[in-house]
Amino acid sequence: MSIQKPSIPKGTRDFGPAVVARRNYIFGVIRRTFELFGYAPLETPTLENLSVLTGKYGDEGDQLLFKVLNSGDFLKDVAPDDIAEGTRKVLPKIAEKGLRYDLTVPFARYVVMNRGTLTFPFKRYQIQPVWRADRPQRGRYREFYQCDADVVGTDSLLCEAEIVLMMCEVLNGIGLTDFTIKINHRGVLRNIYQALGSEGKESDLFVAIDKLDKIGREGVEKELAERGFSTQASAYLFELLATSGSYGEKLEKLDAAFQKADLPSETEGSDGSAYKGLRDLREVQNYLTSFGFTQFDKLEFDPTLARGLSYYTGCIFEIKINNVKIGSVSGGGRYDNLTGAFGLAGVSGVGFSFGVDRLYDCLEELNLFPPNAATTTRCLVVNFDEEAGRSVLPVLRQLRAAGIPSELYHTPDKLVKQFKYADQKGVPYVLLQGSEERAQNLFKLKNMSTGHEQLLALDDVLSKLTQ
RNA sequence: GUAGGCAUAGCUCAGCUGGUUAGAGCAUCGGAUUGUGAUUCCGAAGGCCGUGGGUUCGAGCCCCAUUGCUUACCCCA
């Protein structure tokens with residue numbers, strides 16, 4: 001019989017006890033923050049019908065969907081002619097389900113299916129894994145968690161402001177301090193496109209702009225030239241993007257530039273910008289000020305932020321951790337018509353998502369995990385011999401009854417092994433009662449980090465371990 | 001889909017232009033020490049050098065193929 005080496009699918013990972021404990025710490029901070037802001041939990045199935053998933057993420061997205069083969073004789077509906085016509089023809093006949101690709105589309109499906117019973121605006125958060133048949137690389141997996149919070153059914157920019165607040169709350173909560181929340185607005189990008197004279201494709205411009213911090217000005221110019229933008233437009237673009245100054249100053253400078261370019265007014269009313277994007281961004285700032293937000297130094301209006309080709313239509317967000325070399329750890333934005341694909345038009349939503357894996361990497365690199373998040377056992381009871389091991393069981397019961405996670409070492413091994421076990425598992429306390437202690441009806445409690453030992457009565461042990 | 005890199009002990013890796021018996025650190029196990037770990041010392045065990053072919057008197061090393069892992073690009077969290 002040949003023994004095969006075990007393995008796990010490419011792009012997936014096992015999480016050992018220490019890693020799970022630290023991931024749960026991050027999940028906990030995120031979950032508490034979402035709930036603190038009035039978001040309710042939602043979970044949706046791992047499997048969705050492919051009809052729900054396909055066509056929502058573009059052609060490339062469809063390629064990256066994991067499809068699940070139908071149960072039973074999955075070939076029963078496939079004719080030889082179908083195979084001749086290729087994958088496209090065969091696929092719908094052999095697979096009708098797929099693994100969820102993100103949390104936003106299942107959320108939209110849920111909202112549409114339950115529109116009659118939901119109270120709008122509906123605020124939900126969702127922390128679940130998603131799957132993508134992508135080619136794995138650093139910081140990129142085929143199975144990973146998303147932590148989404150979205151509101152549907154309101155246009156209020158208070159939601160956008162609260163997203164900024166939640167982002168700060170979470171990052172502060174896990175000890176990350178050197179970060180920048182970047183905010184922009186699809187309307188601003190559209191205005192920039194119009195100011196350049198509307199040449200080329202709007203989406204090409206956004207994709208190119210988004211790469212600015214990655215490939216630099218020359219790279220963007222080159223890409224724009226390839227996509228049919230004139231050097232004149234390209235030069236003007238960088239004039240607009242070079243806007244510096246505070247959040248408010250940038251808004252004003254762009255407003256002046258758009259007026260100078262003679263862009264048509266998009267909003268009515270006498271106060272504020274005539275352009276929706278700039279006006280929304282100002283409104284978000286006003287909400288934050290009224291709230292008493294104090295971390296404006298962490299909030300940057302970045303007109304180069306574009307976030308790919310996704311469905312965003314209003315404000316867009318991204319978080320950059322400044323002292324760690326890693327991509328964004330969070331992003332989001334507003335999308336009009338979230339539920340349109342499922343037949344419910346005119347519902348606007350805004351939301352954002354945290355990338356737990358990247359947050360984890362940041363905390364690890366900066367050594368920000370709390371020290372004792374790694375184990376669950378708080379007290380190991382030493383097993384001296386068969387008889388002592390049995391007689392100490394009531395003590396174990398009392399430890400647990402007092403809420404102290406405890407275990408009795410499984411066999412009466414040499415003390416070296418028992419202490420080593422406690423040490424390697426990260427158990428902070430070891431409790432022992434050998435013949436000497438038993439004679440006095442006392443226990444010896446050892447603090448594993450200091451090495452300090454104390455002779456105590458059981459009540460004192462319990463109170464010491466619960467404090 | 002495009003282009004690279006890597007594959008040697010449980011883990012991280014050495015291994016010279018091809019040349020006797022393939023090494024180290026960590027981890028494991030045993031002992032020094034029958035009541036004390038992280039942090040002492042001594043010892044042991046551990047290998048079809050990813051797989052299959054080829055070149056050669058001789059291959060861990062060179063060539064071809066194959067599988068797995070990995071990095072960058074496209075795209076994305």
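Keep in mind it's a predicted model, so treat the numbers as computed, not measured. Residue numbers begin at 1 in each chain, while the letters A, B, ... track the order of the sequences.
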Practice item. Go along nucleotides 32-42 of chain B 5' to 3' and tag each nucleotide: B for a protein heavy atom under 4.0 Å from its base, S when only backbone or sugar atoms are that close, - otherwise. Key: ---BBBB----
**Study point:** Contact letters for nucleotides 65-72 of chain B, in which S counts primed atoms plus P, OP1 and OP2 and B counts the base, heavy atoms under 4.0 Å
**Key:** ----S-SS
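Stem regions annotated for RNA chain B: B:1-7 with B:67-73, B:10-13 with B:23-26, B:28-32 with B:40-44, B:50-54 with B:62-66, counting only runs of 3 or more consecutive pairs of Watson-Crick or G-U type with both contacts under 3.5 Å.
Of the P atoms belonging to B/A14 and B/A7, the separation is 8 Å, rounded to the nearest Å. Comparing the C1' positions of B/A24 and B/U8 gives a spacing of 13 Å, expressed to the nearest Å. Nucleotides B/U56 and B/C49 have their P atoms positioned 22 Å apart, rounded to a whole Å. A distance of about 30 Å separates the P atoms of B/A22 and B/G5, rounded to the whole Å. Nucleotides B/G46 and B/U2 are separated by 45 Å at their P atoms, to the nearest Å. Here, B/A45 and B/G31 have their C1' atoms 14 Å apart, quoted to the whole Å. Comparing the P positions of B/C48 and B/C73 gives a spacing of 38 Å, expressed to the nearest Å. Going from the C1' atom of B/A3 to that of B/G19 covers 37 Å, rounded to whole Å.
The side-chain contact (heavy atoms from CB on, under 4.5 Å) test applied to A/Ala108 returns A/Leu338, A/Thr339, A/Phe342, not counting sequence neighbours. Taking the side-chain contact (heavy atoms from CB on, under 4.5 Å) definition, one finds that A/Pro41 meets it with A/Tyr125, sequence neighbours left out. Not counting sequence neighbours, the partners of A/Arg142 by the side-chain contact (heavy atoms from CB on, under 4.5 Å) test are A/Lys10, A/Phe66, A/Pro136. Evaluation of the salt bridge (charged side-chain N to carboxylate O under 4.0 Å, His left out) rule for A/Lys182 yields A/Asp302 as partners, not counting sequence neighbours.
Put simply, NZ on A/Lys417 is 16 Å from P on B/A27, counting in whole angstrom units. Put simply, CG on A/Asp413 is 15 Å from C1' on B/U28, counting in whole angstrom units. Here the C1' atom of nucleotide B/A77 and the CD1 atom of A/Ile321 are 14 Å apart, to the nearest Å. Computed from coordinates, the A/Gln146 CD to B/C76 C1' distance equals 10 Å when rounded to whole Å. In this structure, the CG atom of A/Leu359 is 14 Å from the P atom of B/A77, given to the nearest Å. In this structure, the CZ atom of A/Phe27 is 13 Å from the C1' atom of B/A77, given to the nearest Å. Whole-Å rounding puts the A/Arg132 CZ to B/A77 C1' distance at 6 Å. Separating the NZ atom of A/Lys211 from the C1' atom of B/C74 is a distance of 8 Å, rounded to the nearest angstrom.
At a cut-off of 3.5 Å, with distance as the only test, no side-chain donor of A/Tyr360 or A/Arg23 sits close to an acceptor on the other residue.
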Check your understanding: Can you list the steps and then say if A/Leu456 with A/Leu442 is a side-chain contact (heavy atoms from CB on, under 4.5 Å)?
Key -> CA-CA 5 Å; A/Leu456 298 169; A/Leu442 293 174; 6.0 Å; no
Check your understanding: Yes or no on ring pair (Phe, Tyr, Trp, His ring centres under 6.0 Å) for A/Phe296 and A/Phe293, after CA distance, side-chain angles and deciding distance?
Key -> CA-CA 7 Å; A/Phe296 277 106; A/Phe293 180 65; 4.9 Å; yes
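You'll find a donor-acceptor pair under 3.5 Å spanning the side chain of A/Arg140 and the base of B/C75, going by distance alone.
Using a 4.0 Å heavy-atom cutoff across all strands shown, A/Tyr141 reaches at least one base atom of the nucleic acid.
The one candidate from A/Lys97, A/Lys67, A/Arg109 that meets the salt bridge (charged side-chain N to carboxylate O under 4.0 Å, His left out) condition with A/Glu48 is A/Arg109.
A side chain to side chain donor-acceptor pair (under 3.5 Å) check over residues 151-174 of chain A, counting only residues at least two apart or in different chains, returns the pairs A/Asp155-A/Ser348, A/Glu160-A/Arg334, A/Asn172-A/Gln295. Counting only residues at least two apart or on different chains, the side chain to side chain donor-acceptor pair (under 3.5 Å) pairs with a member in residues 408-418 of chain A are A/Tyr409-A/Asp413, A/Thr411-A/Asp413. Residue pairs meeting the ring pair (Phe, Tyr, Trp, His ring centres under 6.0 Å) criterion with at least one member in residues 38-58 of chain A, sequence neighbours excluded, are A/Tyr57-A/Tyr101. The ring pair (Phe, Tyr, Trp, His ring centres under 6.0 Å) analysis of residues 145-182 of chain A, with sequence neighbours excluded, yields the pairs A/Phe27-A/Tyr145.
Around the CD atom of A/Glu202, the shell of radius 6.0 Å holds more than 12 heavy atoms that belong to other residues, nucleotides or ligands.
At a threshold of 4.0 Å, the pair A/Arg31-A/Glu35 does not count as salt-bridged, since none of the basic side-chain nitrogens sits closer than that to a carboxylate oxygen.
At a non-hydrogen distance threshold of 4.0 Å, nothing from residues 454-467 of chain A comes into contact with RNA chain B.
When all heavy atoms of A/Ala422 and A/Leu380 are compared, the pair lying nearest together is CB-CD2, 3.8 Å.
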